[in-house]
Amino acid sequence: MFTPNFLTANDKAGAYPASYYAASANPIYGFDTFDGDVTCDVVVIGGGFTGLSSALHLAEQGYDVVLLEAHKVGWGASGRNGGQVGSGQRREQDELEKMLGVDDARKLWDIAEQSKDIVKSLIEKHGINCDWKPGILHADHRERFVKGTHEYADKLRDEYGYDQISKVNRDEIRAMVGSEFYHGGSLDMGAGHLHPLNFALGLAVAARQAGVRIYENAMVSEYTTGENVNVKVRGGPNVTGQMLILGCNGYLDSLDDRVARRVMPINNFIIATEPLDDDVARELIRDDVAVADSKFVINYYRLSADNRMLFGGGETYSYHFPKDIKSFVQPYMLEVYPQLRDTRIDYGWGGTLAITMNRMPYFRRVENRVFSASGYSGHGVAMATLAGQIMAEAVSGTMERFDIMAKVPVPTFPGGKSLRYPLLVLAMTWFSLRDRL
């Protein structure tokens, strides 16, 4: 049986966390309510980017789709993350070339470019108000990293024809971010950032308008397969469909152990300052781009539409969030921006994402009637959205892009589910120490 620890351990059931995103969310009307058992063509579990995109694209193809969300649409990592829409896969292209060969690595690059395109096109097509802004700055916190960053920018331009990335030296980056913490990096103007919860809510509205029946507060306890797929909603009805899409990511837990052996949830945290004066905000991030740095336990940050510093940093590997998230994340921000020491912190929240051993997403046809995509490893705003479209294609019989993603080897965690946490904690302790060296 499914024990939904991450769905219940840290948050109030059926309510968004007290985040800046929730406080600035676009209004949205209620969704469907159950009136007995439900039948459809395709059942989608999960109301985040993966599930919402799957449902939307399936409905546009003419399928009768039911989406089940344990709490509220966009409630999980999709509505809590850093909002960065990055280029490429989670692993760099030279690593993918060694892993899979040049031809398959290029296919993965093309798919990653499509993931950015679909975010932008969905925003435009459906008029989603989510504060889209261009640009992500990669910032190296060690001088020895800069050479490799610049060489990789050259590789993308020369070998992949990607001309929207430029090299940044030490003086430039310190002017761009108002901090002496960094030594150089690269600026990717083909990437961007957005308000993730409002993007998710926009997808939900579009899906509903396309005919998707969306049920919130519909926590799934189990599913079985046979001639059809039967999904049991905890304390509610049965939902029966011909096909099933798992879009649960970090909240999958034991719903499907075959996926959980390769995909593990971890917690990440963000704080939001009080609104800053325009001149102060531009001293911190001159060009209003998002920033992601080179630490293994990454710092990622950007300015909100109302000039708050949204700063993400720190990870935990237990079920429970820190008691005081603001105090947990603030030291990471002050390491980069000591000038914000006296700035009020208005919001602090956590969320659960999912990682894999090699940080590549896990696409699989788990059974003949069941498709799954998860484990985006912090690179999910764009890739999870595209994953939904790719799984919708797969349900309709077009497997090309799904097969490319499923071809990527994603190993199981050592020791299976029982030992993956203590082993990861040991590994992350080492990497955290490495960040300080």
Side-chain angles (χ1 to χ4, degrees), residues 19-21 23-25 81-87 116 119-120 123 129-143 145-146 149-150 153 164-199 269-295 298-314 326 329-349 381:
S19 70
Y20 162 75
Y21 295 139
S24 56
N81 64 77
Q84 298 198 9
V85 180
S87 299
K116 293 187 302 183
V119 170
K120 297 174 189 177
I123 291 171
N129 179 16
C130 59
D131 306 329
W132 168 263
K133 299 176 185 178
I136 294 180
L137 176 66
H138 170 79
D140 287 317
H141 77 295
R142 293 287 181 259
E143 186 175 5
F145 294 168
V146 177
T149 296
H150 288 181
Q164 298 191 66
I165 191 167
S166 58
K167 294 177 284 189
V168 178
N169 64 31
R170 185 178 68 176
D171 290 341
E172 290 171 331
I173 203 165
R174 292 181 176 182
M176 293 170 75
V177 299
S179 172
E180 297 185 357
F181 191 66
Y182 300 114
H183 300 270
S186 61
L187 177 63
D188 183 357
M189 292 305 297
H193 55 107
L194 49 69
H195 187 304
L197 178 56
N198 278 337
F199 180 56
F269 309 97
I270 302 177
I271 55 175
T273 69
E274 62 185 311
L276 306 172
D277 292 339
D278 283 343
D279 57 344
V280 174
R282 294 301 170 263
E283 287 176 2
L284 300 175
I285 305 180
R286 185 189 66 193
D287 304 314
D288 205 9
V289 299
V291 183
D293 73 17
S294 59
K295 296 180 72 174
I298 188 173
N299 293 321
Y300 53 95
Y301 48 98
R302 63 193 185 92
L303 295 170
S304 67
D306 59 351
N307 278 346
R308 300 174 188 271
M309 173 61 72
L310 307 180
F311 197 100
K326 295 178 184 178
V329 179
Q330 187 181 36
Y332 295 95
M333 181 180 73
L334 295 181
E335 187 177 29
V336 179
Y337 290 120
Q339 62 266 47
L340 293 178
R341 184 170 303 278
D342 296 325
T343 302
R344 188 180 73 242
I345 308 298
D346 284 348
Y347 301 94
W349 68 95
V381 178

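Nothing here was measured: the structure is a model prediction, and the numbers come from that model.
Closest non-hydrogen pair, L340 versus L334, comes out as C-CD2, 3.7 Å. Scanning all heavy atoms of the two residues, the minimum distance from L310 to I270 falls at C-CG2, 4.4 Å. Summarising the geometry of G86 relative to A191, their closest heavy-atom pair is CA-CB, 4.1 Å, with the distance given to 0.1 Å. The shortest non-hydrogen separation linking Y347 to A23 is OH-CB, 3.4 Å. Scanning both residues, V289 and P134, for their nearest heavy atoms gives CG1-O, 3.8 Å.
Between the S179 side chain and the V336 main chain, a donor and an acceptor come within less than 3.5 Å of each other. In this structure a side-chain-to-backbone donor-acceptor pair under 3.5 Å is present from D293 to N299. Counting only distance, with no hydrogens or angles, the side chain of H183 and the backbone of A139 share no donor-acceptor pair below 3.5 Å. In this structure, the side chain of D188 engages the main chain of G190 through a donor-acceptor pair within 3.5 Å. Between the side chain of T273 and the backbone N or O of M309, at least one donor-acceptor pair lies under 3.5 Å. Without hydrogens or angle criteria, E143 side chain to G184 main chain gives no donor-acceptor distance under 3.5 Å.
Between F145 and H141, a ring centre-to-centre spacing shorter than 6.0 Å is recorded.
Residue S166 holds its OG atom at 8.5 Å from CE of M189, rounded to the nearest 0.5 Å. Here CG of N198 is found 6.0 Å from OG of S24. Values are rounded to the nearest 0.5 Å. In this structure, SG on C130 lies 3.5 Å from CD1 on I123, to the nearest 0.5 angstrom. In this structure, D346 CG and S19 OG are separated by 12.5 Å, a value rounded to the nearest 0.5 Å.
Around CD of E335, the count of heavy atoms belonging to other residues, nucleotides or ligands within 6.0 Å exceeds 12. Annotation: E274, atom CD; neighbour count of heavy atoms from other residues, nucleotides and ligands within 6.0 Å is above 12.
With sequence neighbours excluded, no residue satisfies side chain to side chain donor-acceptor pair (under 3.5 Å) with T343.
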- Mind running side chain to side chain contact (heavy atoms under 4.5 Å, CB included) on Y337 and I285 for me, showing each step along the way? CA-CA 11 Å; Y337 290 120; I285 305 180; 3.9 Å; yes
- Where do W349 and Y21 land on the side chain to side chain contact (heavy atoms under 4.5 Å, CB included) test, with the steps shown first? CA-CA 10 Å; W349 68 95; Y21 295 139; 3.6 Å; yes
- Message: For L137 and I173: C-alpha separation, side-chain torsions, deciding distance, then whether side chain to side chain contact (heavy atoms under 4.5 Å, CB included) applies.
- Response: CA-CA 9 Å; L137 176 66; I173 203 165; 3.9 Å; yes
- Message: Please determine whether salt bridge (Lys or Arg N to Asp or Glu O under 4.0 Å) holds for the pair R308 and D306, giving the CA-CA distance in whole Å, both sets of side-chain angles, and the decisive distance to 0.1 Å.
- Response: CA-CA 6 Å; R308 300 174 188 271; D306 59 351; 3.1 Å; yes
- Task: Take H138 and L187 through the test side chain to side chain contact (heavy atoms under 4.5 Å, CB included) and record every step on the way to the result.
- Result: CA-CA 6 Å; H138 170 79; L187 177 63; over 6 Å; no
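Tested against F311 for a side chain to side chain contact (heavy atoms under 4.5 Å, CB included), the candidates M333, R302, Q330 yield a single pass: M333.
Applying the side chain to side chain donor-acceptor pair (under 3.5 Å) rule to pairs touching residues 281-291 yields K133-D288, sequence neighbours excluded. Within the structure, side chain to side chain donor-acceptor pair (under 3.5 Å) pairs that include any residue of residues 167-178 comprise D154-K167 (at least two apart or interchain).
For the pair L284/V177, no side-chain contact is recorded, criterion being any heavy-atom separation below 4.5 Å from C-beta on. For the pair V291 and I136, the minimum side-chain heavy-atom distance is 4.5 Å or more.
Using a 4.0 Å cut-off between charged side-chain N and carboxylate O, D140 and R142 make no salt bridge.
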